[in-house]
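Following: one structure in structure tokens, then a few remarks.
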Amino acid sequence: MDDALSDSVYAILLVLLNPQHGYGIMKEISEITTGAMKIGPSSMYTNLKKLQKADFITLTENSDRKKVYHITAKGRAALEKDVQRRRLFYEAGAALLAKNSR
């Protein structure tokens, strides 16, 4: 996968800090963004397959036969790197806006 994560992939990895099934992922993304981001099933499952292929997540089945996704160490490292990248952009943007708002 690319160094920079898409917003959808970033959100998926973020909510997978706690293992979840597909519907739970979509629901939590909507909740943590107060509805600003909604990922549909097609987009989400496409991204989940890409994340599995990149070894960023793994899949297990629980006793209810639900597929539960888990973030891997590699996925967590990618998420941490992207959090830092996003923080840098946020801080640069905030500083430039403050400087140029006069």
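The residues of the chain are indexed from 1 along the displayed sequence. If you're wondering where the values come from, they're calculated on a predicted model, not measured in any experiment. Heavy-atom basis, side chains included; hydrogens, waters and symmetry copies ignored.
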### Task
Report yes if the side chains of Arg76 and Glu80 come closer than 4.5 Å at any heavy-atom pair, otherwise no.
yes
### Query
With hydrophobic residues grouped by side-chain heavy-atom distances under 4.5 Å, do Phe56 and Val83 end up in a single group?
yes
### Query
So which heavy atom on Met26 is nearest to which on Pro41, and how close?
SD-N, 3.7 Å
### Query
Do any N or O atoms from the side chain of Ser30 and from the backbone of Lys27 form a donor-acceptor pair under 3.5 angstrom?
no
### Query
How long is the span from the NE2 atom in His21 to the CZ atom in Arg65, to the nearest 0.5 Å?
15.5 Å
### Query
Which distance, rounded to the nearest 0.5 Å, do you find between the OG1 of Thr46 and the CE of Met44?
9.5 Å
### Query
Could you state the interatomic distance from OG1 (Thr58) to NZ (Lys74), rounded to the nearest 0.5 Å?
13.0 Å
### Query
Can you tell me how far CD of Gln52 sits from NZ of Lys49, rounded to the nearest 0.5 angstrom?
8.5 Å
#### Entry: Distance, nearest 0.5 Å, that separates NE2 of His70 from CG of Leu59
7.5 Å
### Query
salt bridge (charged side-chain N to carboxylate O under 4.0 Å, His left out) with Lys66: which residues, sequence neighbours excluded?
none
Got a list of side-chain donor-acceptor pairs under 3.5 Å for residues 7-14, not counting sequence neighbours?
unit_1 : atom_1 : unit_2 : atom_2 : d
Asp7   : OD1    : Arg86  : NH1    : 3.0
Asp7   : OD1    : Arg86  : NH2    : 3.1

### Message
Quick check: is Tyr23 connected to Ile25 through a chain of hydrophobic side chains (ILVMFWY, heavy atoms under 4.5 Å apart)?
### Response
yes
### Task
Going by the side-chain contact (heavy atoms from CB on, under 4.5 Å) test, name the single residue among Thr33, Leu16, Val15 that passes it with Glu28.
Val15
### Message
For a quick test of reading the model, state the closest non-hydrogen atom pair linking Asp82 to Ala4 and the distance between them.
### Response
OD1-CA, 3.6 Å
### Query
Roughly how far apart are Asn47 CG and Ile57 CD1, rounded to 0.5 Å?
9.0 Å
